[in-house]
Amino acid sequence: MTTKRIAVLTSGGDAPGMNACIRAIVVASEGAGHTVIGFEHGFHGLLAPNWRKLDSKKVHNIIQRGGTILRSARCEEFKQDSAAKNAAKHLSELAIDAILILGGDGSFRGAKHLSKFWDGQVIGLPATIDNDIYGTDTTIGYYTAIQTAMDSIDKVRDTADAFERIFLVEVMGRHAGFLGAKAAISGAANYAILPELFTDPDETLNDIHQQLSIHRKRYGHESFIIVLTENLWPEGINTLAEKLENLTGGEVRPVILGHVQRGGSPVSQDRILATTLGVEAVRCVEQGKHCIMVGQQNLEPAEVPLEQTWETKKVFSDSLTRTMKTMLNERHSWDLTK
Ligand SMILES: Nc1ncnc2c1ncn2[C@@H]1O[C@H](COP(=O)(O)OP(=O)(O)OP(=O)(O)O)[C@@H](O)[C@H]1O
Ligand SMILES: O=P(O)(O)OC[C@H]1O[C@](O)(CO)[C@@H](O)[C@@H]1O
């Protein structure tokens, strides 16, 4: 087998498990005699260029670390042809055979854009807390973010119970509700406002009001927790809190979890997913694969054409929708007097 020069970079929002994936790429490559070069700060690193050689000593003891040792960035400039051409020139000068790009669907668009100007192999690895990428059941970082959001909901519940308040917990996800759904299920929230289930603000307010009344009749005047995906409520979480206060006459407190959801040591599922995908990506390089994402479907590695990852919208599975409705949003429409 001919040995290759493999580049790697992390782009977009950092995700817990990115380091575990870099480690796996380096260890798998080194074992097969390949050279690995890490570019820093996402696509900016290809433009500068800003790179360093990686070997197993440099990725020792990083599996447990959040963030990314290669740093990440959003690089608006990379959308221009001139930037991608410049990156292609640097990759050719460094005699790179393949580049592995860890990030979300935006980073994959960047990967595809690069492939128009460079004839090396381009492979994406799904790494984002949003889990909004078609073609992979989960993304690196998703499980850790769910765990962080769930832990936060548990903490919010303590004070919500003590004060008998309604709490609105805003989670990340950009425009997708995968993180919100799993955080709400695992945190046993009472209601979830997610893009996939959202119809109309007035309808949602009435629905919450009705459910709250039934909830209080049954359980007394106790806490009520609503999970909300960011960027969804038309005038933001504070306006929603005010509207709910006016409607219910009770105290409503908004909590924005924000970037804490992106940090922390990756949980085991993210470390294992990241390690598996890193090893598979190196195998794909050896097999000459090009313009694909290496993801996971039904617990097995899956290769998906890069464009499909953003051209096809990832949707809630039927079972996720059923679970959300049964356990949260439609629970209180049951006749609980019987
Ligand atoms: N159409 C495009 N052409 C070229 N590059 C792009 C394109 N879209 C995105 N990129 C590059 O990818 C980077 C990351 O994209 P984006 O900010 O959407 O994050 P992401 O990879 O989707 O990850 P996340 O959503 O988890 O933060 C952008 O800053 C830009 O450098
Ligand atoms: O850190 P930034 O650039 O503000 O980006 C925030 C966005 O990145 C993510 O954390 C990951 O895509 C989203 O959930 C969120 O909308």
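We count ligands from 1, going down the list as the structure has it; atoms in each ligand are counted the same way.
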Task: Identity and distance of the protein heavy atom lying nearest atom 1 (O) of ligand 2 - done: His259 NE2, 2.8 Å
- [ ] Note the single closest protein heavy atom to atom 13 (C) of ligand 1, along with its residue, its atom name and the distance in Å.
- [x] Ser11 OG, 3.6 Å
Open item on the list: Under 4.0 Å, heavy-atom basis, I'd like to know which part of Arg174 is in contact with ligand 1: side chain, backbone, both or neither.
Closed with: side chain
Task: atom 1 (N) of ligand 1: the protein heavy-atom neighbour that sits closest, reported with distance to 0.1 Å - done: Arg109 CB, 3.8 Å
Open item on the list: Under a 3.5 Å cutoff, is there a donor and acceptor pairing between the side chains of Tyr191 and Asp207?
Closed with: yes
Task: Between Glu203 and Thr199, a side-chain donor and acceptor under 3.5 Å - done: yes
Open item on the list: For a quick check under 3.5 Å, do Thr136 and Gln296 share a side-chain donor-acceptor pair by atom type?
Closed with: no
TODO: Tell me whether Val122 is reachable from Phe117 by hopping between hydrophobic residues (I, L, V, M, F, W, Y) whose side-chain heavy atoms are closer than 4.5 Å.
DONE: no
TODO: Starting from atom 6 (C) of ligand 2, find the nearest protein heavy-atom neighbour and note its residue, name and distance.
DONE: Arg262 NH1, 3.6 Å
- [ ] Could you tell me whether the side chains of Gln80 and Lys85 share a donor-acceptor contact shorter than 3.5 Å?
- [x] no
Task: Atoms in ligand 1 flagged as close to Gly13, the criterion being non-hydrogen separation under 4.0 Å - done: 23 (O), 24 (P), 26 (O), 27 (O)
Open item on the list: At less than 4.0 angstrom from any non-hydrogen atom of Glu230, what atoms of ligand 2 do you find?
Closed with: 13 (C), 14 (O), 15 (C), 16 (O)
- [ ] Take every heavy atom of Gln261, measure it against each atom of ligand 2, and state whether any distance is under 4.0 Å.
- [x] no
Open item on the list: How far is atom 14 (O) of ligand 2 from the closest protein heavy atom, and which atom is that?
Closed with: Asp130 OD1, 2.7 Å
TODO: Please work out whether any backbone atom (N, CA, C, O) or any side-chain heavy atom from C-beta onward of Arg74 is under 4.0 Å from ligand 1, and answer side chain, backbone, both or neither.
DONE: both
Open item on the list: I need the nearest protein heavy-atom contact for atom 5 (N) of ligand 1: residue, atom name and distance, please.
Closed with: Gly110 CA, 3.2 Å
Open item on the list: Taking 4.0 Å as the limit for heavy-atom contacts, which would you say applies to Phe43 with ligand 1: side chain only, backbone only, both, or neither?
Closed with: side chain
Open item on the list: Taking the basic N atoms (NZ, or NE/NH1/NH2) and the acidic carboxylate oxygens, is any pair closer than 4.0 Å for Arg109 and Asp105?
Closed with: yes
TODO: To the nearest 0.5 angstrom, please state how far the OG1 atom of Thr10 sits from the CD1 atom of Ile101.
DONE: 10.5 Å
- [ ] Using heavy-atom distances, let me know which of Gln80, Glu77, Lys79 sits nearest atom 2 (C) of ligand 1.
- [x] Lys79
Open item on the list: Quick check for you: to the nearest 0.5 Å, what is the distance between Phe163 atom CZ and Asp158 atom CG?
Closed with: 12.5 Å
TODO: Report yes or no: do Asp14 and Thr68 form a side-chain donor-acceptor pair below 3.5 Å?
DONE: no
Open item on the list: With nothing but distance in play, are any N or O atoms of Gly103 less than 3.5 Å from an N or O of ligand 1?
Closed with: no
Open item on the list: In this structure, does ligand 2 have an atom that sits under 4.0 Å from one of the heavy atoms of Gly173?
Closed with: yes
- [ ] Before accepting this row, confirm whether a basic side-chain N of the pair Glu40/Arg71 lies closer than 4.0 Å to the acidic partner's carboxylate O.
- [x] no
Task: Any N/O pair His113/ligand 1 closer than 3.5 Å - done: no
Open item on the list: Are any of the N/O atoms on Ala73, whether in the backbone or the side chain, positioned under 3.5 angstrom from an N/O atom of ligand 1?
Closed with: no
TODO: List every atom of ligand 1 that sits less than 4.0 Å from any heavy atom of Ser107, numbering the atoms from 1 in the order shown and giving each element.
DONE: 12 (O), 14 (C), 15 (O), 20 (P), 21 (O)
Task: Criterion side chain to side chain donor-acceptor pair (under 3.5 Å) on Glu230 and His175, from CA distance to verdict - done: CA-CA 7 Å; Glu230 62 175 352; His175 301 292; over 6 Å; no
Task: Protein contact of atom 12 (O) of ligand 1 - nearest heavy atom, named by residue and atom, plus distance - done: Gly106 O, 3.3 Å
- [ ] Give the residue and atom name of whichever protein heavy atom lies nearest to atom 7 (C) of ligand 2, and the separation in Å to one decimal.
- [x] Arg74 NH2, 3.7 Å
- [ ] Would you indicate whether His60, at its atom NE2, is surrounded by more than 12 heavy atoms from other residues, nucleotides or ligands within a distance under 6.0 Å?
- [x] no
Open item on the list: Checking a contact table here: which protein heavy atom is nearest atom 30 (C) of ligand 1, and how many Å away?
Closed with: Cys75 O, 3.3 Å
- [ ] Return a yes/no value for Thr128: is any of its N or O atoms, backbone included, closer than 3.5 angstrom to an N or O of ligand 1?
- [x] yes
Task: Atoms of ligand 1 close to Gly104 [distance to a heavy atom under 4.0 angstrom, numbered from 1] - done: 20 (P), 21 (O), 22 (O), 23 (O)
Task: Within one Ile-Leu-Val-Met-Phe-Trp-Tyr cluster: Phe43 and Ile96, side-chain cutoff 4.5 Å - done: yes
TODO: Would you mind checking if Lys112 and Glu307 are paired as a salt bridge, meaning a charged N to carboxylate O distance below 4.0 Å?
DONE: yes
TODO: Number the atoms of ligand 2 from 1 as they appear, then name those within less than 4.0 Å of a heavy atom of Met172, with their elements.
DONE: 10 (O), 14 (O)
